[in-house]
Amino acid sequence: MKNILVIGATGQIGSELTMKLREAYPGGNVVAGYIKGAEPKGDLLESGPSEEADVRDAARIGEISDKYGIDTIYNLAAILSATAEKKPLLAWDIQMNGLISVLEVAKEKGISVFTPSSIGSFGPGTPADDTPQDTIQRPTSMYGVTKVATELLSDYYHVKYGVDTRSVRFPGLISYVTLPGGGTSDYSVEIYYAAIRGEEFVCPLAAGTYMDMMYMPDALRASIEIMEADPSRLRHRNSFNIASMSLEPQMLYEKIREYVPGFRMRYEPDPVKQAIADSWPNKMDDSCAREEWGWKAEYDLDAMTVDMIARLKAKLSRDGAL
Ligand code: SER
């Protein structure tokens, strides 16, 4: 049995991961932690406990941990990369003050912690192709600065205090459930919505802008598998490169057109997003994750697109949005 607190449970990853964890650990408590204004609804609300939990409020996280006997925290609260450029102090506050409050509670109560890192933790000096696990991390975005600091602080708490911290560097994540907000990779989700709604898509990144992308089911499985991994096999902890597809906008567009033939897209690059995307890798090497905990992605571009289109169509027509 596991008792888990998901902080940021109504966000892009949290809304799906919380449900997946409830299925994976049916005997335990999987608490959906949310902030005011982002309360859980529907299945997420009804399928288990939820608690207001601002990631910066260590006392509150401590109380929830005691109430449910929490042994693992998934700390998913974050301001994504494009918004972080506009609100750098808020991004610092949520990412860093949030992390330290989680780690302090974890240290005191013996809780394991997953705080994701990202392709955003790399920068223009990083080898862009087959980006190694251990390499230069000198990001030029505020998001990236906080993600490198997240990796370092998480490792520090492991080495210094024995806190069981582990994580992955997520690619841009694609899903049909909850929209991301304020990220550089968001176009890869929005493009599917435009295609299904029969709208022209205005792409905020230029053709040829490669970055790692991943379908959400793979990302959810990675989040669970890393926390289940045998610790004696882990030579790394924070954070593992995980990869599945290296995509640029034209590839996504042409793949979607195979299934939605009339779909149209034009390019209108957003300077902030383009600069961020240009500083990120094209394709990470995830061989350490494969060797140390058996990671392997399942979805490729075609399998993802078939599933995305079918599920998004069903969702939008159920919501009366088509
Ligand atoms: N998907 C995030 C973003 O675009 C990166 O981790 O900001």
Side-chain angles (χ1 to χ4, degrees), residues 12 78-88 91 117-131 135-145 147 169-176 179-216 219 241 243-285 299-302 304-305 308-309 312:
Q12 186 201 12
I79 303 294
L80 293 187
S81 56
T83 303
E85 288 308 288
K86 293 188 190 116
K87 299 179 180 171
S117 186
S118 158
I119 47 175
S121 68
F122 297 111
T126 305
D129 295 309
D130 297 319
T131 305
T135 186
I136 298 165
Q137 287 180 282
R138 304 281 297 172
T140 45
S141 69
M142 183 48 135
Y143 181 75
V145 169
K147 286 297 168 188
R169 295 179 182 133
F170 279 132
L173 299 180
I174 300 177
S175 95
Y176 59 90
L179 278 164
T184 301
S185 61
D186 296 9
Y187 89 88
S188 60
V189 179
E190 291 157 358
I191 191 171
Y192 284 97
Y193 278 76
I196 304 298
R197 290 189 173 125
E199 293 164 0
E200 183 188 42
F201 183 61
V202 181
C203 185
L205 296 180
T209 308
Y210 279 89
M211 71 176 76
D212 283 289
M213 300 281 184
M214 183 175 285
Y215 198 33
M216 189 63 89
N241 286 0
S244 74
M245 318 167 213
S246 169
L247 300 180
E248 56 87 39
Q250 195 69 21
M251 285 168 76
L252 260 168
Y253 172 60
E254 282 166 18
K255 178 53 71 181
I256 293 171
R257 270 176 64 90
E258 287 177 21
Y259 299 97
V260 186
F263 181 44
R264 313 277 329 147
M265 176 171 90
R266 73 186 153 84
Y267 291 98
E268 217 174 89
D270 170 294
V272 172
K273 290 186 178 180
Q274 189 65 49
I276 294 172
D278 287 342
S279 76
W280 288 355
N282 300 331
K283 183 180 177 295
M284 289 187 288
D285 173 357
Y299 283 87
D300 63 12
L301 176 57
D302 194 61
M304 172 178 76
T305 299
M308 255 316 260
I309 289 177
L312 198 52

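Just so we're clear, the structure is a prediction, and the values are computed from it rather than from any experiment. Values reported hereafter were calculated over all heavy atoms of this structure, with side chains retained and with hydrogens, waters and symmetry mates removed.
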What are the two closest heavy atoms between [X] and [Y], and how far apart are they?
X      : Y      : value
Ile119 : Gly172 : CD1-N, 3.8 Å
Val145 : Pro139 : N-CG, 3.6 Å
Pro249 : Gly208 : CD-N, 4.3 Å
Gly181 : Leu80  : O-CD1, 3.5 Å
Ser141 : Ile276 : CB-CG1, 4.5 Å
Thr131 : Pro281 : OG1-CB, 3.2 Å

[X] and [Y]: side-chain donor and acceptor closer than 3.5 Å?
X      : Y      : result
Thr305 : Tyr192 : yes
Thr184 : Ser81  : yes
Thr209 : Gln274 : yes

Could you tell me if the side chain of [Y] sits less than 4.5 Å from the side chain of [X], heavy atoms only?
X      : Y      : answer
Ile256 : Phe201 : no
Ile191 : Cys203 : no
Glu258 : Asp302 : yes

message = Counting only heavy atoms from other residues, nucleotides and ligands, does the tally under 6.0 Å from CZ of Arg257 exceed 12?
response = yes
request  = State which residue, out of Asp278, Leu205, Asn282, fulfils the side chain to side chain contact (heavy atoms under 4.5 Å, CB included) condition with Met211.
outcome  = Leu205
Separation between [atom1] of [X] and [atom2] of [Y], rounded to the nearest 0.5 Å:
X      : Y      : atom1 : atom2 : value
Arg169 : Phe122 : CZ    : CZ    : 4.0 Å
Leu312 : Arg197 : CG    : CZ    : 7.5 Å
Tyr267 : Gln250 : OH    : CD    : 3.5 Å
Glu190 : Glu199 : CD    : CD    : 11.0 Å
Ile79  : Lys87  : CD1   : NZ    : 7.0 Å
Met245 : Tyr210 : CE    : OH    : 14.0 Å

Using a 3.5 Å distance criterion without hydrogens, assess whether the side chain of [X] forms a donor-acceptor pair with backbone atoms of [Y].
X      : Y      : answer
Asn241 : Met284 : no
Ser188 : Ser185 : yes
Ser244 : Met213 : yes
Thr126 : Ile136 : yes

query = How are the rings of Tyr215 and Tyr299 set relative to one another: parallel (under 30°), tilted (30 to 60°) or perpendicular (over 60°)?
reply = perpendicular
query = side chain to side chain contact (heavy atoms under 4.5 Å, CB included) between Lys283 and Asp130: does it pass, once the steps are laid out?
reply = CA-CA 5 Å; Lys283 183 180 177 295; Asp130 297 319; 3.1 Å; yes
key: Test log, rule side chain to side chain contact (heavy atoms under 4.5 Å, CB included), inputs Asp186 and Leu179   = CA-CA 8 Å; Asp186 296 9; Leu179 278 164; over 6 Å; no
